[in-house]
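Each chain gets a letter, A, B and so on, in the order its sequence line appears, and its residues count up from 1.
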Amino acid sequence: MLDQRLLRNDLDAVVRNLARRGFSFDSSRLAELEEQRKGLQVQVEDLRNERNIKSKSIGQAKAQGEDIQPLLDAVASLGGDLDAAEAALKMLQAELDKIQLELPNLLHESVPDGADEDANFEVRQWGDIPQFSFEPKDHVDVGENMGLLDAATGSKISGSRFTVMYGSLARLHRALIQFMLDIHVQQHGYEEVYVPYLVNSTSLLGTGQLPKFKDDLFEAAGEHDLYLIPTAEVPVTNIVRDEILDPALLPLRRAAHTPCFRSEAGSYGRDTRGMIRQHQFEKVELVQLVKPEHSYAALEELTGHAEKILQLLKLPYRVMVLCAGDIGFGAAKTYDLEVWLPGQGRYREISSCSNCEAFQARRMQARWRNPETGKPELLHTLNGSGVAAGRALVAVLENYQQEDGSVLVPEVLQPYMNGATKLS
RNA sequence: GGAGAGUUGGCUGAGUGGUCGAAAGCGCUCCCCUGCUAAGGGAGUAUGCGUUAAAAGCGUAUCGAGGGUUCGAAUCCCUCACUCUCCGCCA
């Protein structure tokens, strides 16, 4: 959600900023509703005030044994007026909420213009693109040739976009997760958390997946208000929903490994081969809750933490700053890490690190108490994949493949593989 | 799944229709007093929203959530959520 004050006082600036995303909305409708809201809310509160005063005087009169009938007559007409005004306000507020909950975050000024991913801007590169003395295969061929990757069985069990892994490949996947968590906890100062994989709609509203992106989620059947998490960002960030944090706790850094579930509605036909785009994948997620003045420094730091994983795995990557047209709904600024995939001959997203500023915090009422003012103020929230395990596995398979069809185990993962140096 | 008991401010905990945003205690902040310490005295101490350029002030809402009854609800009624205890089942 955006700052109400800004929407009221400088709606044009909001319109201009959101237009950079290619997002347009009926701002005059919003202004009109807001004008009505103002009048109605004042009216409702005045009526309530009148009722409260009169009711109180009835109580006092009754206590002194006076005749209260004249007083009762005096409030008789109030109820109807108040009910009508309250009902009108409620409807109006619902319409305003609907509009406001679907407004994306304002972009940070450093976000470059651009309509789509082609306009994303490369900030830096790391590592050398490996040269192969043979034609490198993609991860599907590498994995299936070893008999360790099995898409057919995944689709038999569940359907398209599910995969089965066996033996040392399954273990390598687990090793990646353990390795990433250990680095973030032991070297980057994150607290490991274990969280629910099913969350309620309030949590999804808080981080911005609802109400607008319901189609991207898997919803649990039955009478529950539960959804499978699309990312650990949802449960981990919502830990601080409706909390006022002691500033001594900040910055709060938390890391979690969870599976993620995405319906991938709207991406029919894209990345249908292999493990790039699955309904279920594992990820180690980094979340930071910081004072507003530190959030951009924290974004650089958090991005660096994700990069560190790729560096230790010796996987070449580049850092992209997402352009205005490609950035996500809740983010003010986002860096994507794209890892080099020799089998595809291109870079592919493996991590996305975002500063949401107060956008999520406002929806969640996640605050800290500023000792300078003594007042609760909104936190800034950040999240980033550190990194996606499924895609990291793909990257290892493709970058570490050998001519004989085997795959070397990255050195940093060998301790997690009982010392194994090679998959086969 | 069955039976029962609960949910009040940072915490403990009172409050069964009116002057209750809520006693008391603890904690915290400030002040006073006291050679030091311990003790003591006084004042303050929730959050959202609105009004405002902003603040102050004022208004309004909030006693798990949502409805209802009533002039008036923490208090009465209904639905739901959650917590605890016991039984059953279970990784």
Colleague: Quick one: is B:A61 close enough that its OP1 or OP2 comes under 4.0 Å of any side-chain N or O from A:N52?
Modeller: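 Answer yes for this pair, as a side-chain N or O of A:N52 is under 4.0 Å from OP1 or OP2.
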
Colleague: How long is the line joining CG of A:D83 and C1' of B:G68, in whole Å?
Modeller: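 One finds 12 Å between C1' of B:G68 and CG of A:D83, rounded.
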
Colleague: Can you label the angle between the A:H188 ring and the A:Y190 ring as parallel, tilted or perpendicular, going by 30° and 60°?
Modeller: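 A:H188 and A:Y190: perpendicular rings.
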
Colleague: Considering only NZ, NE, NH1 and NH2 on the basic side and carboxylate oxygens on the acidic side, decide whether A:K214 and A:E219 come within less than 4.0 Å.
Modeller: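 Yes.
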
Colleague: Quick one: on RNA chain B, does A:E45 or A:G374 contact a more 5' nucleotide (nearest heavy atom)?
Modeller: A:G374

Colleague: If you check the A:K56 side chain, which of B:U60, B:C71, B:U19 turns out closest?
Modeller: B:U19

Colleague: Is a salt bridge present between A:R161 and A:E264, judged by a nitrogen-to-oxygen distance below 4.0 Å?
Modeller: no

Colleague: Indicate, yes or no, whether a donor-acceptor pair under 3.5 Å links the base of B:G18 to the side chain of A:K62.
Modeller: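 Such a pair is found, so the answer is yes.
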
Colleague: OP1, OP2 of B:A55 versus side-chain N and O of A:R5: anything below 4.0 Å?
Modeller: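 Yes.
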
Colleague: Mind calculating the distance between CZ (A:R241) and P (B:A65) to the nearest angstrom?
Modeller: 14 Å

Colleague: Salt bridge check: are A:E95 and A:K90 linked by an N-O gap of less than 4.0 Å?
Modeller: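 Looking at A:E95 and A:K90, the cut-off is not met.
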
Colleague: For a quick test of reading the model: is some side-chain N or O of A:R367 closer than 4.0 Å to OP1 or OP2 of B:G48?
Modeller: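 For B:G48, OP1/OP2 do have a side-chain N/O of A:R367 under 4.0 Å.
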
Colleague: Taking the same atom, P, in B:A81 and in B:G25, what whole-Å distance lies between them?
Modeller: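 My reading of the P atoms in B:A81 and B:G25 gives 39 Å.
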
Colleague: Below 4.0 angstrom from OP1 or OP2 of B:U60, is there any side-chain N or O of A:N49?
Modeller: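 Looking at the OP1 and OP2 atoms of B:U60, one of them is under 4.0 Å from a side-chain N or O of A:N49.
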
Colleague: Think A:K90 has a side-chain N or O under 4.0 angstrom from the OP1 or OP2 of B:G67?
Modeller: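 Looking at the OP1 and OP2 atoms of B:G67, one of them is under 4.0 Å from a side-chain N or O of A:K90.
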
Colleague: Check for a donor-acceptor pair, side chain of A:E377 on one end and backbone N or O of A:T373 on the other, with a separation under 3.5 Å.
Modeller: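 Absent.
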
Colleague: Would you say a side-chain N or O of A:R51 is under 4.0 Å from OP1 or OP2 of B:G59?
Modeller: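 No, A:R51 has no side-chain N/O under 4.0 Å of OP1/OP2 on B:G59.
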
Colleague: Dot-bracket notation for RNA chain B is requested: 5' to 3', Watson-Crick or G-U wobble pairs only, both distances under 3.5 Å, with ( ), [ ], | and . as defined.
Modeller: ((((((((.[[[..)..(.....]]]((((((.......))))))((((((.....)))))).[[[[[..)....]]]]])))))))....

Colleague: Regarding A:K212 and A:E102, does a basic nitrogen lie under 4.0 Å from an acidic carboxylate oxygen?
Modeller: no

Colleague: Choose from B:G50, B:G48, B:U47 the nucleotide whose nearest atom is closest to any side-chain atom of A:Q365.
Modeller: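 That would be B:G48.
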
Colleague: Are A:R8 and B:C49 close enough that a side-chain N or O sits under 4.0 Å from OP1 or OP2?
Modeller: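 Result: no.
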
Colleague: Is it true that A:R348 and A:D271 have a side-chain N and a carboxylate O under 4.0 angstrom from each other?
Modeller: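 Salt bridge: yes.
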
Colleague: Need one value for A:R362: base, sugar-phosphate or nothing, where a base atom within 4.0 Å counts as base even if backbone is also close, heavy atoms only.
Modeller: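 Result for A:R362 = nothing.
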
Colleague: When you compare B:G15 with B:G64, how far apart are their P atoms, in angstrom units rounded to a whole number?
Modeller: 15 Å

Colleague: Select base, sugar-phosphate, or nothing to describe what A:D225 touches, counting heavy atoms under 4.0 Å on all strands.
Modeller: nothing

Colleague: What nucleotide among B:U51, B:U19, B:G18 has an atom nearest to a side-chain atom of A:A63?
Modeller: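 Nearest to the side chain of A:A63 among the choices is B:U19.
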
Colleague: Is the phosphate of B:G48 approached by A:K375 (side-chain N or O, under 4.0 Å from OP1 or OP2)?
Modeller: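 For A:K375, the contact criterion (side-chain N or O under 4.0 Å from OP1 or OP2 of B:G48) is not met.
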
Colleague: Using a 4.0 Å heavy-atom cut-off across all strands, classify A:N9 as base, sugar-phosphate, or nothing.
Modeller: sugar-phosphate

Colleague: Given atom CD1 of A:I53 and atom C1' of B:U19, what is their separation to the nearest angstrom?
Modeller: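 One finds 13 Å between C1' of B:U19 and CD1 of A:I53, rounded.
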
Colleague: Inspect the contact between A:E50 and A:K54 and indicate whether a charged nitrogen and a carboxylate oxygen are less than 4.0 angstrom apart.
Modeller: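 Salt bridge between A:K54 and A:E50, a charged N being under 4.0 Å from a carboxylate O: yes.
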
